[in-house]
Amino acid sequence: MKSMTTEIPKQYDPAAAEAQWFHFWESKGYFNADPNPAKPSHVIMIPLPNVTGALHMGHALNGTLQDLLTRWRRMQGYEALWMPGTDHAGIATQSVVEKRMLEEEGQTRHDIGREALVKRIWKWKDEYEARILSQLKRIGASCDWRRVRFTLDEVCSRAVRQTFFKMFKDGLIFRGKRLVNWDTFLQTAVADDEVYEEEIDGHFWTFDYPVVDNAGQPTSERISFSTTRPETMLGDTAVCVHPTDERYTHLIGKHVRIPVNGRIIPIVADALLADKTLGTGCVKVTPAHDPNDYACWNRNKDLMGEPINILNTDGTLNERGGAWQGVDRLVARDAIVAEMERLGHFGKVEDRKIPLKHSDRSKTPVEPYLSEQWFVKMDTLAQSAIDAANDGRVTFYPERYRQSYLSWLGEKRDWCISRQLWWGHRIPVWSNSYDVSELNSIRETIEQSIQSGESCDPSRKISYHISAPEKGRFQVLICFADGNQTLEYAFEQLGFVRDPDVLDTWFSSGLWPHATLGWPDTTHNPPIVGQDPLKPTGKNEVLPYFYPGIVLVTSRDIITLWVARMVLTGLYNMGDVPFRHVCIHPKIQDGFGQTMSKSKGNGVDPIELIEKYGCDGMRFTIASFAGETQDVRLPVGYECPHCQGIVPQEQHHLKFKPGKPKIKCAKCKKESQYATPNYIPDEGEPVARVVIERFEYGRNFCNKLWNATRFAMLNLEGYSPGDVDSGSFAIEDKWILSRLATVTDEVTTLLGVYKFDAATRSLRDFVWNEFCDWYLEMLKPRLRDESLKPAAQRILVAVLDTTLRLLHPFTPFITEELWQRLNEIAPVRGIPASTQASAAIIIAPWPTGLDHWRDTALEARFYRLQELIVAVRNVRGTYNISPAVSVSISVRCTEDVAADLKQVQPQFELLAKAALTAAGAEVSRPNASASFSLGDADGYLPLEGLVDLQAEVARLRKEADKLRGFISGSEKKLTNQSFIDRAPAEVVVEVRETLAGQQKQLASIHEAIKQLSGC
RNA sequence: GGACGAUUAGCUCAGUUGGUUAGAGCGCCACGUUGACAUCGUGGAGGUCGUUGGUUCGAGUCCAAUAUCGUCCA
């Protein structure tokens, strides 16, 4: 047993502990959560990371907080489930894979086809999912790994299919037109977050259109407008002026003729689109190719007629282009300018910088393009989610984020759910069109098919919609519920074709909270890795036990995209919200205030920091960031591989440059390659690795904790468990127990409202500034005294035990390591009565019921002692007295303070290297002594030969000056009649008392100055 | 353009309902390797709280305006 204590190394080795204990926890099944009627459940659904790439520090923060909460609740006795998984992330992933394919093989998706592309993306997904999950494990994530899900897996797919079917049947899904960002190079729509804006050199042309009379003949008037895209005039459906623009009011309702194609279009008034103060005040309206124009068209549909699409998918003009059909839009642009000039409708042209949206994938300009899309009707769904936040079923932390959630939902804009991609959940709708004469026969065919086959309830397998006839034809849309492949095939034989589009990624991730629990399956529990075949339960016990969850932990940018969708789909499918709390945490930025992201190339891999600072050090630091207000800025550095000097990251280091740029160390002047997501360093080449010095905060804290425990263990020789009579507690025992009780209460409360930063500070201050700096120091003499040692050991072990448990959610690995070591030396511990400690800290109970230790009066008394000791140290510092030299001190003070002082007399030597010679009201000032005053206690240090009279007087005068400042502030208040009259009585009393104390203190200092100066 | 947040010590950040002349970590200065810890200890220097105006007996804290930065939505 004794050998154990001497083996403990001086420094904590994070890598060893991390490898050992993660495996231990997982193999013991401590992460697993299963329905258990004896316990309340606590559920957190991970904000599923995209499989596009590896995780960065933003994810590490998110994961750390969820793990912290999960471990905390688990210790509190909850059946704590943290559900892991990843998102297929439609366009993002497909685009990464396509890009790589193009770079490495020169192939596009059209070269290899849908099936082959999807197969490749699955391969990519497998690789990155594995990487992501292993990163999460490295940060200590105590997810129930048996339950890991993927949005395209069987379980999630069933939920998607069922939700779509239900919505289709309920009439919530419809087809509609919408402007999308069209990539003419890749010939696909791209999402808003896949485009970036870039200024290009362009032109700003001014033309005019002739106003025509009712017969379509030109009048003498013309109306001028300017544009950067003249070719779109082929698709104009109106020109627009401001309704109060006097230049044009007489023209509103009249028409103009487009000179290049002769089409007659109306002049409309729209206050939102036209701006009197800009240019001519008149604009052309091309709803099919401009979002603002499209919005205008929506407001003025009746006046304009249908939007006119002039483009083919490859960016050439279509049949609406007339003479320019088949010509690329940019070539046509110049031709049309020339034609307008020839016809005499050209005004002028000027050069201008034009902000233009580009596709992130092809780097080519995108065209706004009107196309057919699928939508979900949002009115009632959005309202249900609004109600849930308004009536408190869903609460936001911090509260202000409720606003962005509500205002976004309040718009109730229909949700466009189709994407022209191959990677994702394919829309389960088949369509075909028929001549009106076939209407009855096709309806009959469908009805007959529904009745056929062995499937039970016909209304649950098929839902169809027949459109209103147009030009003698109508369209039939059929949505099949999951598991009707035979019917799908049968209808394909009839010529029905499945929609090629896939669903928006958020459609599936929005179902995450209930889909992962097996919904809509009511007869089986969701599958679990390692439990095969499924245990036949006859019902799904997991879903009702774990739904609804408790808290969603995420960052603010997906409140609308994801949080709102989960709430409304949860209400729609389950009839209840998916979680009660939404905890919004800060975003991680680099040293320049830019949010960390893969595309910016400024992301830092948490693994790099874990290897440098230890997982617990990383976690503790990151938890200390997670407050309610600010985002977190992390200045990054590169550690020179030659001399370990730190080169601060500069912005140019983040920009992608071809080749392998080097970084130069300012210290040793050597160059080296550096770690960046932009390239892989050469094999065997020395690399400057990423460091973030702020993480030393957590690493140092862990080392401190390690050594405090090490100290305890080195002093546990001969430890025996046993009861400790609280009557025998020394003042420092009572103090540390009172502080421990207070901190336990604080941390518990703070975690409950997701104030991780404050909880972390509270713990650090307690461990470092109270437990280590004061308590352990004061305990040293007792641990050397054989008669006092047994009780001191028991209290020390008990305090340490509780402290480790409080820290476990923050720093799981080091606390488990120390707990296990403590279990070998002191398995039975606790005060006043001792009990057998838990076999692992991860399942140890969270500290509760310590309130009876709290004693604020005692804490105040102890604070007076600390002040005294600090004052002595201050004097020592001033005179530069060597720590080897002991001084003596006498204190003039009240008898209460004297009694406390005498109790801690032995520690004075250790804490201030001062021998307390006398304490009490009768103590007088010795000659040639330095002194200090605390108001109700004055200390004297005889420093024969050490005291420099002049220096001491100067020091005291400085003190006195400072006091006078305080005093005049207090006096000023008390002589202010309005203060006396209007301030609350207790505040006035407080100021009076403060003033009295300050005056007393000043008097003591004056006395000392008087004596020293001998007058 | 709208909404929200931030602006406090050289750096990164706390500061709960307005109440002594504002705190922490890092960095800096001085001293110190005393058997838990130099990833350490002790002491110290250093901010008037972006700017302007207002409310109040009293403002870092509340209100208004303004500047700058960040984020989301247009």
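Hydrogens, waters and symmetry mates play no part in the numbers below; they use all other heavy atoms, side chains included. Labels below follow one simple rule: chain letters A, B, ... track the order of the sequence lines, proteins then strands, and each chain is numbered from 1.
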Check nucleotides 3-8 of chain B against the protein and report each pair of N or O atoms closer than 3.5 Å, with its distance, or say if there are none.
from, atom 1, to, atom 2, distance (Å)
B:A6, O2', A:Gln630, OE1, 2.9

Residue list, ring pair (Phe, Tyr, Trp, His ring centres under 6.0 Å) with A:Phe771, at least two apart or on another chain: none
field: Contacts of type side-chain contact (heavy atoms from CB on, under 4.5 Å), residue A:Ala792, not counting sequence neighbours
entry: A:Leu779, A:Arg782, A:Leu783
field: Set of residues satisfying ring pair (Phe, Tyr, Trp, His ring centres under 6.0 Å) with respect to A:Trp297, sequence neighbours excluded
entry: A:Tyr294
Show every donor-acceptor pair shorter than 3.5 Å between a side-chain atom in residues 756-769 of chain A and any protein atom, with sequence neighbours excluded, or say none if there are none.
from, atom 1, to, atom 2, distance (Å)
A:Thr760, OG1, A:Phe756, O, 2.6
A:Ser762, OG, A:Glu746, OE1, 2.6

- request: Using the test side-chain contact (heavy atoms from CB on, under 4.5 Å), find all partners of A:Arg413 that sit at least two apart in sequence or belong to another chain.
  value: A:Trp408, A:Glu411
task: Check side-chain contact (heavy atoms from CB on, under 4.5 Å) between A:Thr505 and all other residues, then give those that pass, not counting sequence neighbours.
output: A:Asp87, A:His88, A:Ser509
field: Contacting residues from residues 697-705 of chain A, given that a heavy atom lies under 4.0 angstrom of RNA chain B
entry: A:Tyr697, A:Arg699, A:Asn700, A:Asn703, A:Lys704
- request: Go through the structure and list residues passing ring pair (Phe, Tyr, Trp, His ring centres under 6.0 Å) with A:Phe396, not counting sequence neighbours.
  value: A:Tyr405
message: Among residues at least two apart in sequence or on other chains, which ones pass side-chain contact (heavy atoms from CB on, under 4.5 Å) with A:Glu639?
response: A:Lys612, A:Gln644, A:Ile646, A:Val691
message: Give the dot-bracket line for RNA chain B from 5' end to 3' end: parentheses for intra-strand Watson-Crick or G-U pairs under 3.5 Å, square brackets for crossings, | for inter-strand pairing, dots for unpaired.
response: (((((((..((((.....[...)))).(((((.......))))).....(((((..]....)))))))))))).
- prompt: With sequence neighbours excluded, what pairs up with A:His59 under the ring pair (Phe, Tyr, Trp, His ring centres under 6.0 Å) test?
  reply: A:His56
